[in-house]
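In each ligand, atom 1 is the first atom listed, and ligand 1 is the first ligand listed. Everything numeric here is computed off the predicted structure, so don't read it as measured data.
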Amino acid sequence: MSLRTLSVKAFLFLGLCQVGRRGLASAPELTEQPKKIAVVGAGIGGTAAAYFLRQEFGPAVRIDVYEAGTVGGRLATENIGGYEYESGGSVIHPLNLHMKHFVDKLGLSQRADVPSRMAIFDGKELTFEESEWFIVNVLRMLWRYGLNFLRMHLWVESILDKFMRIYQYQQFGHCFTSVERLLHAMGGDSFLTLLNNTLEETMLANGFSQAFINDIVTPITRVNYGQSVRLPGFVGAVATFYEVNYVGESGPAHSLYDIVIVATPLHQDLSDISFSGISPPISSHFPGRYHQTVATLVLGQLNVSYLGTEQKPSDFTFSDILTTDSKALAINSLSSLDPAHMPPNYRQQPASQTKVWKVFSHGPLSELQLQELFLSREQVRERRWLAYPNYRTPQRRIPPFILHDRLFYLSAIDWAASAMEMSAIAARNTALLAHHRWYSQTDKVDQEDLHTRLRGEL
Ligand SMILES: Cc1cc2nc3c(=O)[nH]c(=O)nc-3n(C[C@H](O)[C@H](O)[C@H](O)COP(=O)(O)OP(=O)(O)OC[C@H]3O[C@@H](n4cnc5c(N)ncnc54)[C@H](O)[C@@H]3O)c2cc1C
């Protein structure tokens with residue numbers, strides 16, 4: 001990856017001239033190495049794609065990464081009181097193997113665990129308070145929701161088991177031309193059903209109670225997806241190349257590429273990339289909008305009485321307050337934040353102390369709402385994200401990974417689920433697709449029954 005081009009402020013644009021274009025399989029020159037590959041977007045998806053492209057195509061190919069805003073995209077921090085705090089994506093599951101690999105590769109380390117406690121707020125009072133004692137939590141859950149918790153654990157495990165198959169497929173070089181095929185290869189029809197039914201429908205069908213879904217599952221989806229979820233441009237290809245047009249530090253420029261990967265959502269309000277001269281034409285915006293999530297980081301003292309509790313602030317040690325689906329609520333969640341790089345001997349303080357809180361909400365918080373939530377505010381930082389697709393069921397048609405012969409769309413994966421690991425999985429899939437299509441290796445693309453066939457290879 002070229003570090004120089006990473007800093008380029010790029011304005012994209014697309015145009016593809018069909019004249020003289022040849023079919024991929026019949027183009028003998030394509031059995032030679034590609035010379036130049038462009039990746040548009042330097043979020044985790046685009047940077048991971050550059051990494052995997054390097055693995056697939058070797059050191060000789062030039063890989064340029066274009067970024068219109070800030071490297072990192074939806075991963076970002078805010079500096080408050082001299083410490084960095086995450087305002088975008090922050091949590092990696094221990095089984096997110098690509099992300100774990102990047103953490104190791106970059107010599108980073110996992111942040112030390114800070115004990116945390118969760119509570120659930122319904123707009124009037126705290127309806128659930130996690131105890132410091134595991135056994136107390138288990139007994140409370142059993143009392144209120146019977147075996148729902150155990151069932152949830154087993155259900156998530158079985159989904160995770162299937163999800164993990166993708167790593168084996170990718171290890172063996174397999175890739176998929178659409179999000180649907182990728183999901184089907186992992187979990188069969190059951191994964192496609194997950195796409196097209198609401199979580200509530202699926203959970204009810206799997207025997208979960210409505211009370212458990214409302215009280216426990218909805219608050220989790222509200223904090224994770226906020227839901228019950230620049231630059232005018234133009235890339236052109238002449239003959240067998242794609243021409244990327246952009247505005248760099250010294251003005252408008254263009255460059256020719258053998259392969260282009262678009263690693264930013266092509267949706268209204270999010271992208272000014274346009275494609276021209278491509279047949280069949282590619283629309284610059286796919287249907288569907290992204291959902292606004294506002295992250296407000298406040299260094300201040302929480303007003304615990306807002307949460308309908310009579311606990312003294314010095315006794316209030318909940319770090320995460322999730323919320324039920326209540327129209328009256330202005331916030332989706334409220335969390336006490338720890339710095340990204342924790343100083344030695346760092347300990348979370350109770351709510352009586354001035355500390356950093358992160359509020360997620362659909363819209364910006366008004367002065368009045370901030371006054372209600374906080375007794376004092378020393379610093380306030382607001383970050384408005386177009387965070388995730390507005391998910392709905394049945395799921396609209398998911399955009400394809402392949403926009404044109406060697407023009408790929410990594411961010412299609414957002415419509416299955418938006419998370420760092422999903423972008424990394426799509427990055428590896430796209431790098432493999434680009435490689436196999438370039439070298440016409442069809443036996444590694446869209447293969448059926450991989451789970452059964454690869455079992456013998458272990
Ligand atoms: C508030 C919030 C909380 C989240 N929490 C989590 C979490 O805890 N765990 C988790 O796994 N995920 C989380 N996510 C989701 C996760 O952050 C995203 O799924 C992931 O970062 C997407 O990465 P990406 O590279 O695919 O897209 P993006 O990060 O959106 O990157 C796209 C990049 O392309 C650039 N770009 C756009 N147009 C152009 C152009 N014309 N030319 C050049 N560059 C362009 C953009 O500036 C951007 O940098 C969260 C997201 C948000 C917003």
* To do: Report yes or no: does Arg54 contribute a side-chain atom to a donor-acceptor pair with the main-chain N or O of Val61 at less than 3.5 Å?
  => yes

* Heteroatom proximity flag, Glu421 to ligand 1, N/O under 3.5 Å -> no

* Is Ser411 in contact with ligand 1, taking contact as a heavy-atom separation below 4.0 Å? -> no

* Asked: Does even one non-hydrogen atom of Asp272 get within less than 4.0 Å of ligand 1?
  -> no

* Asked: Donor-acceptor pair, Thr354 side chain versus Gly300 backbone, under 3.5 Å?
  -> no

* For atom 46 (C) of ligand 1, which candidate among Met99, Arg383, Glu67 holds the nearest heavy atom? -> Glu67

* Return yes when Tyr246 approaches ligand 1 closer than 4.0 angstrom through a heavy atom, no otherwise. => no

* Asked: Looking only at distance, does Val40 have an N or O less than 3.5 Å from an N or O of ligand 1?
  -> no

* Asked: Relative to each other, are the rings of Tyr145 and Phe212 parallel, tilted or perpendicular (30° and 60° limits)?
  -> perpendicular

* **ligand 1 contact on Ser423 by region, counting heavy-atom pairs under 4.0 Å** => side chain

* Would you find a donor on one side and an acceptor on the other, under 3.5 Å apart, between the side chain of Arg437 and the backbone of Asp405? -> yes

* Asked: Between Leu373 and Asn303, is any pair of side-chain heavy atoms under 4.5 Å apart?
  -> no

* Asked: Closer than 4.0 angstrom: is that true for some heavy atom of Ser90 and an atom of ligand 1?
  -> yes

* May I ask you to check whether Thr293 has an N/O atom sitting below 3.5 Å from an N/O atom of ligand 1? => no

* Is the shortest side-chain N to carboxylate O distance from Lys358 to Glu78 below 4.0 Å? -> no

* Counting heavy atoms only, name the option from Gly41, Ser418, Ala263 that's nearest to atom 32 (C) of ligand 1. => Ala263

* Asked: By number and element, which atoms of ligand 1 are closer than 4.0 Å to a non-hydrogen atom of Phe360?
  -> 1 (C)

* Structure fact -> Numbered in order shown, the ligand 1 atoms found under 4.0 Å of a heavy atom of Ala387 are 53 (C)

* Structure fact -> One finds that the ligand 1 atoms under 4.0 Å from a non-hydrogen atom of Gly73 are 29 (O), 48 (C), 49 (O)

* Run the numbers for me: atoms of ligand 1, each under 4.0 Å from some heavy atom of Tyr66, listed by number. => 43 (C), 44 (N)

* **Cation-pi check, Arg151 onto Trp155 ring (under 6.0 Å, within 45° of axis)** => no

* **Whether Ser87 lies under 4.0 Å from ligand 1, heavy atom** => yes

* **Ser271 to ligand 1, any heavy atom closer than 4.0 Å** => no

* What do you reckon, does Thr70 put a non-hydrogen atom under 4.0 Å from ligand 1? -> yes

* Asked: Under 4.0 Å from any heavy atom of Val91, which atoms of ligand 1 are there?
  -> 7 (C), 8 (O), 9 (N), 10 (C), 11 (O)

* **Derivation of the side-chain hydrogen bond (donor to acceptor under 3.5 Å, both in side chains) call for Tyr51 and His101** => CA-CA 12 Å; Tyr51 172 79; His101 174 70; 2.7 Å; yes

* Could you tell me whether Ile273 and ligand 1 have an N or O pair separated by under 3.5 Å? => no

* Asked: Below 3.5 angstrom, do we get any N/O pair linking Trp385 and ligand 1?
  -> no

* Atoms in ligand 1 with a heavy atom of Leu75 nearer than 4.0 Å -> 17 (O), 21 (O)

* Asked: If you measure only the distance, is there a donor-acceptor pair under 3.5 Å linking the side chains of Gln170 and Asn429?
  -> no

* **Gap between atom CE of Met422 and atom NE2 of His98 - 0.5 Å precision** => 10.5 Å

* Asked: In Å and rounded to the nearest 0.5 Å, what is the CH2 to CD distance from Trp438 to Gln33?
  -> 9.0 Å

* Asked: His267 vs Tyr290 aromatic rings, parallel, tilted or perpendicular, using cut-offs 30° and 60°?
  -> tilted

* **Glu421 side chain to Leu97 backbone, donor-acceptor under 3.5 Å** => yes

* Sidechain N-carboxylate O distance under 4.0 Å for Arg406, Asp258 -> no

* Which atoms of ligand 1 have any heavy atom of Gly69 under 4.0 Å away? -> 47 (O)

* Using heavy-atom distances, let me know which of His93, Arg74, Met420 sits nearest atom 30 (O) of ligand 1. => Arg74

